[in-house]
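Letters go in sequence order (proteins before strands), and every chain restarts at 1. As the structure is a computational prediction, the values presented were derived from the model and not from experiment.
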There are 2 protein chains.
Amino acid sequence: MTTRRAMPRQADIAREAGVSQATVSVVLSGNRARVRMAETTRLRVLEAAEKLGYVPDPVATRLASSRNHMLGLYTFKTTFPTDVADSYYPILVGVEEEAAALGQDLILFTGRGGADRRDHDAAAIRRTRVADGCLFFGRHVPDEAIGGLLDSGFPLVYIGRRPELDNRIPFVGADYVRASAKVVEQLIHHGHRNIRYLREPDDAPSSTDRERGFRQATAGLPATVHRLDGGIDLDAWRKEGVTAVVVEETDTSTAYTAVTNALEAGNLTCPRDLSLAVLGRPPGQAEHVTGFAVPRREMGRQAVRLLVRLITRELGQDSPAARQLLPCEPVAGTTVGPVNQGSPA
Amino acid sequence: MTTRRAMPRQADIAREAGVSQATVSVVLSGNRARVRMAETTRLRVLEAAEKLGYVPDPVATRLASSRNHMLGLYTFKTTFPTDVADSYYPILVGVEEEAAALGQDLILFTGRGGADRRDHDAAAIRRTRVADGCLFFGRHVPDEAIGGLLDSGFPLVYIGRRPELDNRIPFVGADYVRASAKVVEQLIHHGHRNIRYLREPDDAPSSTDRERGFRQATAGLPATVHRLDGGIDLDAWRKEGVTAVVVEETDTSTAYTAVTNALEAGNLTCPRDLSLAVLGRPPGQAEHVTGFAVPRREMGRQAVRLLVRLITRELGQDSPAARQLLPCEPVAGTTVGPVNQGSPA
DNA sequence: CTGAAAGCGCTTACAG
DNA sequence: CTGAAAGCGCTTACAG
């Protein structure tokens, strides 16, 4: 039960090796300054360090220099969602994998909810500065706090595309535009012309991107976008000539659920009566639904890699390479087929 | 794109308020030393801090004092297991919940595997000292590294009972002895006398505790312990008069799997032909199996609480209260019934 | 009541 | 080639 002073410091090594503390620092940090030094001195220091079981104090290192090989992860909501199936988890797996591979520790910052939420988040966000840099993840961007971090040159990376703050935020997102367009092109390839897109009434980048992809692919076609705001009437749509439905996919799966309910209610089968594609993966085990898979794990990994490159200044905060969109994996599924020639039910 | 120097320091506040930097420190830290000070001065400092958007630098705080309100979590394997159903996850949920509730950030330390694993772990374990204290979780205890931490008075708590190092390690575990005994008592209550215990050939505390509970409950009965080392012959056991089987449950579920396979092969039904209880929860959705649930989430929460009490010195490292065993929740299930009166198949 | 000083354990110019 | 000094942003005795 001695005190914390039990940990050997550089000064102890210096005494042991008969050199100055500064020399110890130079030797132990690999002599990056390329100071010329007698090999014997170097060895003596190394030996003393080994003998005393020296481990650098990460706190002091961080204060004196500017690296401590710690990466922050700030999440705005609980980091470990209770709902394990949450889309969140694979990202964490990727983040941790890559952080470990690059020799970085991870600091989890949790913005606590409650009454003083705003203040609290601001303080917590500022605290991220203990780390060399920080990953952020969440639907909204607290402009002021993040802007402050950006202004001060603190390395940060958002997970998910972030056009906010004049596109000054580095990010690693998924290329929803292209993935969505490809799904819709598949429908067109099957002969569909009148395609309806069902989206949720939210304007997060991931939503608008999907819609853009849909619009790109259907340019010139009678395809229309329907914003969910209640029930949907598939029969009416079919009477209008709609032969395929494309639904947005989000955390809540509201749009997807609405469609499957309507299909069931109308006793409709895909792709016999209607072709169906989802812009993402549906909840549960519905693996037969055509769509695409978001590379969440890879997003986590790449976000870490990008953050480290920002930290080492290998990449500038403003570099185009600091805005990454990863491709999504198409999922063929079985809910898309040729246009049904029969008349609507 | 300014430098990090953009963050205001206490010195900046001091200049703004026309006081010394030390006075700023006193005011901002709530004047715990109860230094007498003009209220107007205090307010002036607070106002200046507010105006400049001051946030204390946690690194400097930690170096100068000894608290930074960060808790470490060291895991020896990947912190986010890819197998989501892993028993690991609920503990993390509990840890994060309670850490957030107590206003503590979390630092994840991951011992990387690989060739230099031992050295690496040792260095990583030492790095935990950036935090005010650290939670540890894993099947083995690296004696030397943990002993060193303990010697230096660094607050740490293991998740899971830890008799190693002469019981010097504070922990929060589950009371497997009592939970196991209760399960077995249930069997005895149903009239079973000749009960067989199937355990895996591993001597972790969680294994030996379960066996102890079994032995306690079956004292004086012909109950015997069988160490798994290949296939098992249920028919032979039944001919010996065994009417109930109790299996250990671990990460791997080896024992449980062996029994269910044997049951299936022998076309046996529980509890008709044999009563079955598992000392924990079986893998998958087998909710009908009698056993008990380990309070993992609560273990996570309590471990955090204990660690904080250690950090604040409210509790000493050697205090008996720093060795906690949480009760497990019994699961009734349907695989235990009265002794089968018919003859063995 | 408030300021000046020392120190936490490092890194990084700068002298010799 | 190596040492002495300053400084990172705080806290904590200690003087006035």
Exercise for the section: Using only side-chain N and O atoms of S29(A), determine if any of them is under 4.0 Å from OP1 or OP2 of dC10(C). Expected result: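 So the side-chain polar atoms of S29(A) never come under 4.0 Å of the phosphate oxygens OP1 or OP2 of dC10(C).
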
Handout entry: F171(A)-F136(A) aromatic ring centre distance below 6.0 Å
Key =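 That pair fails the under 6.0 Å test.
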
Problem - Test item: L28(B) and L46(B) side chains (from C-beta on) under 4.5 Å apart, heavy atoms - result: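 Counting from C-beta outward, L28(B) and L46(B) do come under 4.5 Å.
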
[N] and [M]: how far apart are their [atom1] atoms, nearest whole angstrom?
{"N": "dA4(C)", "M": "dC10(D)", "atom1": "C1'", "answer": "15 Å"}
{"N": "dG3(D)", "M": "dT11(C)", "atom1": "C1'", "answer": "15 Å"}
{"N": "dT12(C)", "M": "dT2(D)", "atom1": "C1'", "answer": "15 Å"}

I want to verify a distance call: between [options], whose nearest atom is closest to the [X] side chain?
{"X": "S20(A)", "options": "dT11(D), dG3(D), dG9(C)", "value": "dG3(D)"}
{"X": "A60(B)", "options": "dT12(C), dA4(C), dG9(D)", "value": "dG9(D)"}
{"X": "T23(A)", "options": "dG3(C), dT2(C), dT2(D)", "value": "dT2(D)"}
{"X": "A38(B)", "options": "dG3(C), dC1(C), dA4(C)", "value": "dC1(C)"}
{"X": "T61(A)", "options": "dA5(D), dC10(D), dC10(C)", "value": "dC10(C)"}
{"X": "S25(A)", "options": "dA4(C), dT11(D), dT11(C)", "value": "dT11(C)"}
{"X": "L63(A)", "options": "dC10(D), dG3(C), dG9(C)", "value": "dG9(C)"}
{"X": "A64(A)", "options": "dC10(D), dT12(D), dG9(C)", "value": "dG9(C)"}

Exercise for the section: Assess whether salt bridge (Lys or Arg N to Asp or Glu O under 4.0 Å) is satisfied between D151(B) and R168(B), documenting all intermediate values. Expected result: CA-CA 10 Å; D151(B) 286 342; R168(B) 286 173 53 218; 2.8 Å; yes

Handout entry: Counter-base of dA4(C), judged by Watson-Crick or G-U geometry with both distances under 3.5 Å
Key =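 When the pairing criteria are applied, nothing turns out to pair with dA4(C), so the answer is none.
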
Completion exercise
If pairing means Watson-Crick or G-U wobble with both distances under 3.5 Å, then the partner of dA13(C) is none

Protein-nucleotide distance ([X], atom [atom1]; [N], atom [atom2]), rounded to Å:
{"X": "D12(A)", "N": "dG9(C)", "atom1": "CG", "atom2": "P", "value": "9 Å"}
{"X": "D57(A)", "N": "dC8(C)", "atom1": "CG", "atom2": "P", "value": "12 Å"}
{"X": "E39(B)", "N": "dC1(C)", "atom1": "CD", "atom2": "C1'", "value": "13 Å"}
{"X": "R15(B)", "N": "dG9(D)", "atom1": "CZ", "atom2": "P", "value": "12 Å"}
{"X": "Q10(B)", "N": "dC8(C)", "atom1": "CD", "atom2": "C1'", "value": "14 Å"}
{"X": "L52(B)", "N": "dG9(D)", "atom1": "CG", "atom2": "P", "value": "14 Å"}
{"X": "R9(B)", "N": "dT11(D)", "atom1": "CZ", "atom2": "C1'", "value": "17 Å"}
{"X": "Q21(A)", "N": "dG3(D)", "atom1": "CD", "atom2": "C1'", "value": "11 Å"}

Handout entry: Flag, side chain of T312(A) to backbone of V308(A), donor-acceptor distance under 3.5 Å
Key =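 Judged by distance alone, yes, a pair lies under 3.5 Å.
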
Exercise for the section: Give a yes or no on whether the backbone of V19(A) and the side-chain of T23(A) come within a donor-acceptor separation of less than 3.5 Å. Expected result: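 It does not hold such a pair.
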
Practice task
Check the pair E47(A), R44(A) against salt bridge (Lys or Arg N to Asp or Glu O under 4.0 Å), reporting the backbone distance first and the verdict last.
Solution key: CA-CA 5 Å; E47(A) 206 171 289; R44(A) 216 164 354 114; over 6 Å; no

